[in-house]
Amino acid sequence: MRPDAPTLRERTYEHQAAAIHGNKPIAIGLGYSTIAWIPSAQGSWALPLRHERITSWDTPISKAAWQLEQVIAGLPQRPLVLFDREYGCASLVLQTAHLKADKLIRLRSNRCLYSDPPAYSGRGRPRRHGEKFQLNDPQTWWAAEEMVELDDPKLGQLLIRRWDNLHFRSSTQHPMTLILVEPKALGSNCRQVKPLWLAWIGENSCCLEVVWMDYLRRFAIEHWYRFAKQTLHWTLPHLSTPEQCDRWSDLMPLLTWQLWLAQDLVRDYHLLQAKTSD
């Protein structure tokens, strides 16, 4: 964030956690969009494939859709792409509909979806939407197509439900599968686990037992951002132009890949502290 750099071109309003409760979580600076490969089912490695500035004429969604198109062009198989809730809207669905990728998108709890419209009655304009499904209003939910209960060693007992053929108001031609992951019951010794809403768009149906765990791998990119800022000093230099910021930012993926490729050459030796007694 660069709130005190008025001569830095193309600054935009970016999200930043507010230091004071009640303040708006925004700041002025340069925003970046990163698409990364998660190489393993466990661990915190995230390897950036594209890490680029969001220009003043782009939006985070348009930039992400463009990056995804560039990456998919070089992949040998159909990927699974994970999106945070900032991207859970009709705009992303429309801008990525032509891409050959399965998408798993987190949704905000205040989102509203719709079912398929009923058959045309022959009178008036045909309906575009069916019943309203408000995520934060259980009174609007109908019976799920599938329900699974499982016991997770960290989160406890979970209830996972699935609803098919729902869509955003502005993307009626692109149905999604809606998934809700929530704790089955909260005991006195159980930490609060918030419900997780996911939207699945793919060629095949998803497996409820594993699809929500696939989404949790997305948080590896948060570890990478922390690593880039704290260890690689990505945000330390106060550069004067967007071009200088881009050149410095280009080094972050290169350094990350070098470290990941060299991990087999490194052995973790713990220093032993020698103790002597009289």
Side-chain angles (χ1 to χ4, degrees), residues 15 25 33 35 59-65 68-69 78-121 124-150 155 158-184 192-219:
H15 178 273
S33 177
I35 182 170
T59 66
I61 291 178
S62 65
K63 190 69 172 185
L68 182 58
E69 184 173 11
R78 186 181 180 95
L80 170 61
V81 189
L82 310 174
F83 292 95
D84 198 10
R85 59 185 181 180
E86 179 182 357
Y87 301 88
C89 60
S91 180
L92 178 79
V93 174
L94 293 172
Q95 294 188 50
T96 61
H98 65 288
L99 301 179
K100 296 181 179 179
D102 295 335
K103 297 180 280 287
L104 189 59
I105 312 168
R106 186 178 179 183
L107 303 180
R108 297 184 184 275
S109 60
N110 60 354
R111 288 293 183 184
C112 181
L113 304 179
Y114 297 87
S115 65
D116 289 336
Y120 181 49
S121 63
R125 180 181 177 180
R127 292 180 58 182
R128 299 181 59 196
H129 313 291
E131 297 296 325
K132 181 179 179 180
F133 194 109
Q134 184 74 37
L135 302 192
N136 58 7
D137 184 5
Q139 299 298 325
T140 65
W141 306 354
W142 50 85
E145 276 77 13
E146 183 182 2
M147 185 180 302
V148 173
E149 296 181 8
L150 56 86
L155 302 178
L158 298 176
L159 177 63
I160 309 175
R161 285 179 276 184
R162 171 178 63 86
W163 293 268
D164 294 331
N165 297 321
L166 294 169
H167 62 263
F168 291 113
R169 174 176 286 273
S170 302
S171 56
T172 57
Q173 302 301 318
H174 303 284
M176 307 178 298
T177 295
L178 180 65
I179 301 168
L180 171 60
V181 182
E182 61 180 347
K184 184 178 179 181
Q192 180 69 31
V193 180
K194 295 183 179 180
L196 175 65
W197 289 98
L198 301 171
W200 165 267
I201 304 175
E203 286 187 332
N204 303 314
S205 60
C206 58
C207 177
L208 294 186
E209 288 85 350
V210 300
V211 67
W212 68 279
M213 291 188 290
D214 289 338
Y215 178 79
L216 296 183
R217 296 299 299 132
R218 195 209 69 82
F219 292 100

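Predicted model, so just to flag it, every value in this text is computed and none were measured.
With sequence neighbours excluded, no residue satisfies ring-ring contact (aromatic ring centres under 6.0 Å, His included) with His174. Partners of Asp102 under the side chain to side chain donor-acceptor pair (under 3.5 Å) rule, at least two apart in sequence or in another chain, are Arg78. For Asp116, there are no side chain to side chain donor-acceptor pair (under 3.5 Å) partners at least two apart in sequence or on another chain.
Using a 4.5 Å cut-off on side-chain heavy atoms (C-beta onward), Met147 and Ile160 make no contact. Side-chain contact between Met176 and Val93: present, with at least one pair of heavy atoms (C-beta onward) separated by less than 4.5 Å.
The distance from atom CD1 of Ile61 to atom CD of Gln95, rounded to the nearest 0.5 Å, is 6.5 Å. Once rounded to the nearest 0.5 Å, the distance linking NZ of Lys194 with CD of Glu182 reads 14.5 Å. Note: Leu150 CG to Leu159 CG = 9.0 Å, rounded to the nearest 0.5 Å. With rounding to the nearest 0.5 angstrom, the CZ atom of Arg85 is 10.5 Å from the CG atom of Leu196. In this structure, CG in Leu178 is found 12.0 Å from OG in Ser115, a value given to the nearest 0.5 Å. Distance check, rounded to the nearest 0.5 Å: OH of Tyr215 to CG of Leu82 gives 7.5 Å.
Closest of all the heavy-atom pairs between Ile201 and Pro175 is CG1-O, 4.4 Å. Across every non-hydrogen atom of Ala90 and Ser170, the tightest pair is CB-CB, 3.8 Å. Closest heavy-atom contact between Ala65 and Thr96: CB-CG2, 3.9 Å. Contact record, Trp212 with Leu198: CA-CD1, 4.0 Å, taken as the closest heavy-atom pair.
Screening residues 124-134 for side chain to side chain donor-acceptor pair (under 3.5 Å), with sequence neighbours left out, gives His129-His167, Gln134-Asn136. Pairs passing the salt bridge (charged side-chain N to carboxylate O under 4.0 Å, His left out) check and including a residue from residues 162-180, sequence neighbours excluded, read Glu146-Arg162, Arg162-Asp164.
For the pair Asp84 (side chain) and Glu86 (backbone), a donor-acceptor distance under 3.5 Å is absent.
Relative ring orientation between Tyr87 and Phe83 is described as tilted, the plane-to-plane angle lying within the 30° to 60° band.
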From CA spacing to verdict: salt bridge (Lys or Arg N to Asp or Glu O under 4.0 Å), Glu145, Arg161 | CA-CA 8 Å; Glu145 276 77 13; Arg161 285 179 276 184; over 6 Å; no

Applying side-chain contact (heavy atoms from CB on, under 4.5 Å), run through Glu209 and Val148 and close with a yes or a no.
-> CA-CA 7 Å; Glu209 288 85 350; Val148 173; 3.8 Å; yes

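Among the candidates Ile179, Leu180, Thr177, the single residue satisfying the side chain to side chain contact (heavy atoms under 4.5 Å, CB included) test with Trp163 is Leu180.
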List the atom pairs, with distances to 0.1 Å, where a side-chain N or O of residues 104-113 and a protein N or O form a donor-acceptor pair under 3.5 Å, not counting sequence neighbours.
{"residue": "Arg111", "atom": "NE", "partner": "Gly88", "partner atom": "O", "Å": "3.0"}
{"residue": "Arg111", "atom": "NH2", "partner": "Gly88", "partner atom": "O", "Å": "3.3"}

